[in-house]
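For reference, the structure discussed in these notes is given below.
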Amino acid sequence: MDIKSIEKIVSLSKRRGFIFQSSEIYGGLASTWDYGPLGVEMKNNIKNLWWKDTVTSRQNIVGMDASILMHPSVWEASGHVQNFHDPMVDCKNCKARYRADHIDLSKQCERCGKTDWTAPRQFNLMFKTSLGAIADSGDETYLRPETAQGIFVNFSNVVNTARQKLPFGIAQLGKAFRNEITTGNFLFRTREFEQMEMEYFIEPKESEKWLEYWSQERLNWFKKLGIREEKLRLRSHGKDELAHYSTACYDIEYEFPFGWSELEGIADRGTYDLDQHNKHAKKKQTYFDQANNQHIVPAVIEASAGVDRAFLTCLVDAYHEEEVNGEQRIMLKLSPKVAPITCAVFPLVNKGGLPEISEKIFTEIQTEFSAFFDQGGSIGRRYRRQDEAGTPYGITVDHQTLEDNTVTLRDRDTMEQIRIPSDQTLIELRKKLQ
Ligand code: GAP
């Protein structure tokens with residue numbers, strides 16, 4: 001897949017209803033995207049898989065859902081007001097703006113070819129907003145730039161109610177906002193995005209062990225989404241790359257057409273966040289260590305992933321082109337766990353009782369799987385549409401169905417079709433998807 005392929009993904013996403021540009025009818029808003037009917041299903045599948053694997057299938061991780069708006073002191077205490085900056089430079093000639101750490105300042109401006117840069121200045125990434133009707137500075141706060149702080153400020157509330165013992169985790173999924181200097185590569189870097197974050201509270205002396213454990217667990221999770229192993233890697237951060245709160249960090253990276261890039265960070269945040277809130281807030285957040293009869297501040301290993309980046313990775317990794325009988329076939333080889341539609345149902349023609357039988361099968365499949373009923377256009381075109389939507393299976397009701405009560409079950413990747421009894425479709429799908 002070459003660098004231009006991101007354009008192909010953008011085009012397929014629009015054509016099939018995965019992603020639309022935000023506010024398109026008004027000319028669009030740069031780097032903001034809307035999830036369409038297929039997009040929202042696939043995004044929900046990714047989020048549900050994360051929630052199941054992180055929260056509901058584990059005994060010692062609980063979930064929560066904090067507000068996007070928080071007290072402004074949270075961001076003072078967390079260090080975001082002071083430290084959540086990126087260095088920015090402008091080209092004096094054409095006014096193009098770049099992140100100083102993303103370009104070589106001895107080289108020419110990509111846009112105009114001149115080498116005339118402003119000095120780098122620090123730019124805070126948090127979006128300011130005002131609370132209430134009067135926009136005076138006393139009522140200012142921020143849209144959260146990470147979901148994690150909602151977990152830290154609720155640490156005691158969760159400990160007191162969920163009765164967990166160290167080590168235990170608190171997980172949260174939700175929107176975050178950053179006024180990024182440069183955006184781009186479709187969903188990769190946007191100003192509004194969703195995070196899936198889990199803070200794992202531990203004895204401080206165990207941080208190395210749990211950092212290794214969660215790095216592997218999270219890498220395996222991306223493999224479970226069906227992403228090719230050879231396109232994934234774990235990379236340890238150099239000291240100069242670490243965020244202001246972290247002492248060690250791994251990135252899970254994927255090899256995109258634009259290079260290896262971060263999908264998730266697994267960071268040792270130490271006791272930084274709880275210590276900071278303990279310094280600034282009215283209520284202390286500690287954990288009572290019964291064995292030693294003392295209050296301690298636990299350390300934290302954080303696993304922080306972007307939903308939209310996971311979504312983009314699934315699309316890029318699944319995109320496939322091939323030639324079939326002299327025609328191009330485009331398909332998304334999405335894992336059935338992630339695909340927005342599991343099975344499409346097609347009557348071969350729109351008469352002779354075939355639509356009625358198809359509808360009956362569709363209704364039955366829909367009780368367990370995401371299904372799509374398609375009776376418009378030639379059967380070849382309908383198959384191609386579903387290939388592009390990434391639908392792993394298709395069931396076709398044809399004339400033979402009327403004679404022997406069988407239907408065809410088509411496999412997206414091999415295009416192989418087998419005949420199965422029409423009352424066994426649900427059972428066959430269950431077998432394939434277990
Ligand atoms: N709480 C830690 C934290 O927020 P981060 O590395 O800044 O760490 C975590 O962000 C993840 O959130 C990233 O790995 C990425 O997947 C996602 N993310 C961050 N900024 C993003 C942006 N501008 N657009 C899309 N996703 C973003």
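Note: hydrogens, waters and symmetry copies are ignored here, and every other heavy atom, side chains too, is used. Whatever order the structure lists them in is the order used to number ligands and atoms, beginning at 1.
- Ligand 1 has no nitrogen or oxygen under 3.5 angstrom from a nitrogen or oxygen of Arg189.
- Interface of Glu264 with ligand 1, defined as ligand atoms under 4.0 Å from a residue heavy atom, comprises 14 (O).
- Side chain of Asn45 to backbone of Ala339: a donor-acceptor contact under 3.5 angstrom is found.
- Distance from atom 15 (C) of ligand 1 to its nearest protein heavy atom, with residue and atom name: Arg309 NH1, 3.5 Å.
- Nearest protein neighbour of atom 25 (C) of ligand 1, counting heavy atoms only, is Phe188 O, 3.2 Å.
- Less than 4.0 angstrom separates some heavy atom of Glu197 from each of these atoms of ligand 1: 1 (N), 2 (C), 3 (C), 4 (O).
- Atoms of ligand 1 found under 4.0 Å from any heavy atom of Arg269 (numbered from 1 in listed order, with element): 1 (N), 2 (C).
- Atom CZ of Phe311 and atom CG of Leu225 lie 12.0 Å apart (nearest 0.5 Å).
- At a cut-off of 3.5 Å, with distance as the only test, no side-chain donor of Tyr98 or Asp90 sits close to an acceptor on the other residue.
- At the top of the distance list for atom 10 (O) of ligand 1, counting protein heavy atoms only, stands Gln195 NE2, 3.5 Å.
- The ligand atoms of ligand 1 that sit less than 4.0 angstrom from a heavy atom of Glu262 are 6 (O), 13 (C), 14 (O).
- Ring centers of Phe201 and Phe155: under 6.0 Å apart, within the cut-off.
- In this comparison of Ala148, Cys249, Gly306, the heavy atom closest to atom 17 (C) of ligand 1 sits on Gly306.
- If you number the atoms of ligand 1 from 1 as listed, the ones under 4.0 Å from a heavy atom of Glu146 come out as 1 (N), 2 (C), 3 (C), 4 (O).
- Residues Tyr200 and Trp214 bring their aromatic ring centres within 6.0 Å.
- Within the cation-pi definition used here (under 6.0 Å to the ring centroid, within 45° of the axis), Lys43 qualifies as a partner of Tyr35.
- Remark: Arg309 qualifies as a cation-pi partner of Phe188 under the 6.0 Å distance and 45° angle criteria applied to the six-membered ring.
- The shortest heavy-atom distance from Asp308 to ligand 1 is not under 4.0 Å.
- When the options Gln276, Glu199, His277 are evaluated for a side chain to side chain donor-acceptor pair (under 3.5 Å) with Gln149, the one that passes is His277.
- Phe193 CE1, 3.5 Å is the protein heavy atom nearest to atom 18 (N) of ligand 1.
- Between Trp210 and Tyr213, the two ring planes are perpendicular [angle over 60°; tilted spans 30° to 60°].
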Checklist entry - Can Arg144 and Trp75 be said to form a side-chain contact (heavy atoms from CB on, under 4.5 Å), step by step? => result CA-CA 9 Å; Arg144 67 181 178 197; Trp75 306 111; 3.5 Å; yes
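- Contacts of Leu263 with ligand 1, taken as heavy-atom pairs under 4.0 Å, involve the backbone alone.
- Side-chain contact, Asp289 with His295: no donor N or O sits under 3.5 Å from an acceptor N or O.
- Close contacts between ligand 1 and Tyr245 involve ligand atoms 2 (C), 3 (C), 8 (O) [criterion: under 4.0 Å to a heavy atom].
- The heavy atom nearest to atom 19 (C) of ligand 1, out of those in Met196, Glu194, Arg178, Glu199, is found in Arg178.
- Of the protein's heavy atoms, Thr190 N, 3.0 Å lies nearest to atom 24 (N) of ligand 1.
- Counting atoms of ligand 1 from 1 in the listed order, those under 4.0 Å from a heavy atom of Ser304 are 1 (N), 2 (C), 3 (C), 4 (O), 8 (O), 9 (C), 10 (O), 11 (C), 14 (O).
- Set against the non-hydrogen atoms of Glu302, the atoms of ligand 1 under 4.0 Å away are 1 (N), 2 (C).
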